[in-house]
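Presented below is the structure to which this report refers.
We name chains A, B, ... by the order of the sequence lines, and we start the count at 1 in each one.
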There are 2 protein chains.
Amino acid sequence: MKSGKISNNVIRRLPRYLRKLDELNERGVTRISSFELGQQLGLTPSQIRQDFSCFGEFGQQGYGYHVSTLRGQIASILGTDRGYRAVLLGVGNIGHALMDNFCFSEWGFHLAAAFEVNPAIIGSTISGVLVRSMDELGSYLDENHVDVAVLAVPKEAAIPVTKELEAHGIEAIWNFTNVELTEPGSSTLVENVHFSDSLLSLSYFVSERNDERAAHAARAARQ
Amino acid sequence: MKSGKISNNVIRRLPRYLRKLDELNERGVTRISSFELGQQLGLTPSQIRQDFSCFGEFGQQGYGYHVSTLRGQIASILGTDRGYRAVLLGVGNIGHALMDNFCFSEWGFHLAAAFEVNPAIIGSTISGVLVRSMDELGSYLDENHVDVAVLAVPKEAAIPVTKELEAHGIEAIWNFTNVELTEPGSSTLVENVHFSDSLLSLSYFVSERNDERAAHAARAARQ
DNA sequence: TTGAAATTGTAAAATAGTTAACAAGGAGAG
DNA sequence: CTCTCCTTGTTAACTATTTTACAATTTCAA
């Protein structure tokens, strides 16, 4: 078992492993080798073994990995058994969609409250979660332990709301705004979901493929 | 200027550069050095210069980079000036939120149509885009050139809809479902927006921090 | 019970990515 | 116009990540 700091790349692969293991579980697969897991995920078997070995010895020689056991171990590494509490800031389209569709509890999170400025929806309950006034945010955070804030407010509100969150002890933000929250000095953990970054990457790969095809066609035409 | 394949890491940083340059533009900043850009993004100046140098020489010695020129060059590298056409599959919460809130045109995309199975919303127009029946998908794709499909259907529909998209010539998918679409054999470009992966990574980092604190507290108590 | 086949965990090698260092050239003050 | 300072692009050194290779161990068929 490797010790010391685990690399970011490894961490980012863990949720993918978890997702695949869930799928295998559902399909009734009880054991899997690093070779087959690699095939299904497009990774090399050694990378998978190397990744797992950062955290312990989860497999068995000559057998492979027991799917549901491994699933549990990865889930635990990711902290899904710690019962983290979250609050949602901003019940606009995205916030609302998260409340309706995203199953926080599936990943061990409890969405305890939501906060909005629009009086039309303050006081309503969405998917079992009460929407409170943004004015109550500070006092709520003072009185309740919250591990993660889900930031889904409009662009303009992102910085002021973040400041208030930090002032009331929030140390982790799941950021759905397009704003770069990561401040040089700050120790707050920020995880960004930047839709536009994702689409732009795809745009690059599409362009690259188109360019390659055009170049190929041009070469063919010249001969 | 470097030649050959550009690394994935570089591509993933380009949208962040673009975002920062847009912000600088709005603030009226006209020039910036790699040093200052690095400060603001938490990257080293050499990495920034190295990244840009993959695509050409955009700076000027003794001066730095001209913000709006550089912005345009990166936007062009990412393909935002190619007028890609997109269609949306699934007008549920996420799909609807994308139509209302995500500004496709800001990134050079044109959202040409949306497709749904729910008869209650088929025929309606959302943010200027007509919602069509999913039954029309195949014929629409045969008659209209589409570069990217935005997949926001329920989990169960992800695979069949993807198969139909591919059967009608779609080669790039922006995937909002929690399903792993990347098939070993397929050449379709898939860009995933897996909310749960993102939250789980954050969960890991929160857990890591908590563990470090607990260990620190235990060490302090022992003395 | 035995032995071939399978599969892990890890050390070492190979590859990839990041940072440091610096020559070259332009900006800007006087 | 000249001189100093600034900042780039790029090469080389360094660091990190991935892959290869293999001893150790277990499974499973006969």
Side-chain angles (χ1 to χ4, degrees), chain A residues 1-17 20-21 24 29-74 77 184 201 204, chain B residues 1-17 20-21 24 29-74 77 184 201 204:
Chain A
M1 175 172 164
K2 231 187 284 183
S3 64
K5 183 96 183 115
I6 311 291
S7 103
N8 232 37
N9 293 8
V10 177
I11 307 305
R12 300 281 163 186
R13 279 191 293 267
L14 294 181
R16 268 189 83 203
Y17 294 139
K20 175 54 78 177
L21 291 166
L24 291 167
V29 179
T30 58
R31 78 181 248 197
I32 194 159
S33 67
S34 58
F35 180 85
E36 202 182 338
L37 198 51
Q39 289 253 312
Q40 295 193 30
L41 287 168
L43 303 171
T44 63
S46 18
Q47 177 157 72
I48 289 171
R49 294 205 298 276
Q50 190 96 177
D51 283 355
F52 293 168
S53 80
C54 295
F55 304 102
E57 308 190 2
F58 302 152
Q60 209 173 340
Q61 287 168 336
Y63 176 90
Y65 300 88
H66 188 262
V67 172
S68 73
T69 310
L70 182 60
R71 195 262 170 219
Q73 273 151 328
I74 292 178
I77 291 164
S201 304
Y204 174 87
Chain B
M1 175 167 160
K2 231 187 287 183
S3 64
K5 184 100 183 111
I6 310 290
S7 102
N8 232 38
N9 293 9
V10 176
I11 307 306
R12 299 282 164 187
R13 280 191 292 268
L14 294 180
R16 271 188 81 204
Y17 293 138
K20 173 55 77 176
L21 291 165
L24 292 168
V29 180
T30 58
R31 77 182 247 199
I32 193 159
S33 67
S34 58
F35 181 84
E36 203 181 341
L37 198 51
Q39 290 253 311
Q40 294 193 32
L41 287 168
L43 303 171
T44 63
S46 0
Q47 177 155 72
I48 289 172
R49 295 205 297 275
Q50 189 93 217
D51 283 355
F52 293 168
S53 81
C54 295
F55 304 100
E57 307 190 2
F58 301 152
Q60 209 172 342
Q61 287 167 335
Y63 177 90
Y65 300 88
H66 189 261
V67 172
S68 73
T69 309
L70 182 60
R71 195 263 170 217
Q73 274 151 326
I74 291 178
I77 292 163
S201 304
Y204 174 86

Can you pull every protein N or O that's under 3.5 Å from an N or O on nucleotides 19-22 of chain D?
unit_1	atom_1	unit_2	atom_2	d
D:dT19	OP2	A:Thr44	OG1	2.8
D:dT19	O4	A:Gln50	NE2	3.4
D:dA21	N6	A:Arg49	NH2	3.3

B:Ile11 CD1 to C:dA16 C1', straight-line distance once rounded to whole Å: 15 Å
So, does B:Arg31 use its side chain to make a donor-acceptor pair with the main chain of B:Tyr63 at under 3.5 Å? yes
Do A:Val67 and A:Leu21 make a side-chain contact, defined as non-hydrogen atoms from C-beta onward lying under 4.5 Å apart? yes
Tabulate atom names and distances for all N/O pairs under 3.5 angstrom spanning the protein and nucleotides 24-27 of chain D.
unit_1	atom_1	unit_2	atom_2	d
D:dA24	N3	A:Gln61	NE2	3.1
D:dT25	O4'	A:Gln61	OE1	2.4
D:dT26	O4'	A:Gln61	O	3.2
D:dT26	O3'	A:Gln60	NE2	3.4
D:dT27	OP1	A:Gln60	NE2	3.1

In whole angstroms, how far is the P atom of C:dA20 from the CD1 atom of B:Ile48? 13 Å
Is B:Phe55 close to B:Val10 at the side-chain level, that is, under 4.5 Å between some pair of heavy atoms? yes
Any base atoms under 4.0 Å from B:Phe52, or only sugar-phosphate, or nothing? Heavy atoms, all strands. nothing
Side-chain N or O of B:Asn9 versus OP1/OP2 of C:dA16: is the shortest distance under 4.0 Å? no
d(CD1, B:Ile32; P, D:dC6) in whole Å: 17 Å
With sequence neighbours left out, write down each residue that passes ring pair (Phe, Tyr, Trp, His ring centres under 6.0 Å) with B:Tyr65, or none if nothing qualifies. B:Phe52
For residues B:Pro15 and A:Ser201, determine if any side-chain heavy atom of one lies less than 4.5 Å from a side-chain heavy atom of the other. yes
What distance do A:Arg49 atom CZ and A:Phe35 atom CZ have between them, rounded to the nearest 0.5 Å? 11.0 Å
Taken to the nearest whole Å, CG/B:Asn8 to P/C:dT18 is 11 Å
How many Å lie between CZ on B:Phe35 and C1' on D:dC5, as a whole number? 15 Å
Rounded distance in Å - NZ (A:Lys5) to P (D:dT17): 11 Å
Checking B:Arg13 side chain against B:Asp51 main chain: does a donor-acceptor pair fall under 3.5 Å? no
For B:Gln39 and D:dT7, what is the distance between atoms CD and P respectively, to the nearest whole Å? 12 Å
Could you give the CG-to-C1' distance, from B:Asp51 to D:dG9, as a whole number of Å? 13 Å
Look at A:Ser34 and C:dT7 and indicate whether a side-chain polar atom (N or O) is within less than 4.0 Å of OP1 or OP2. no
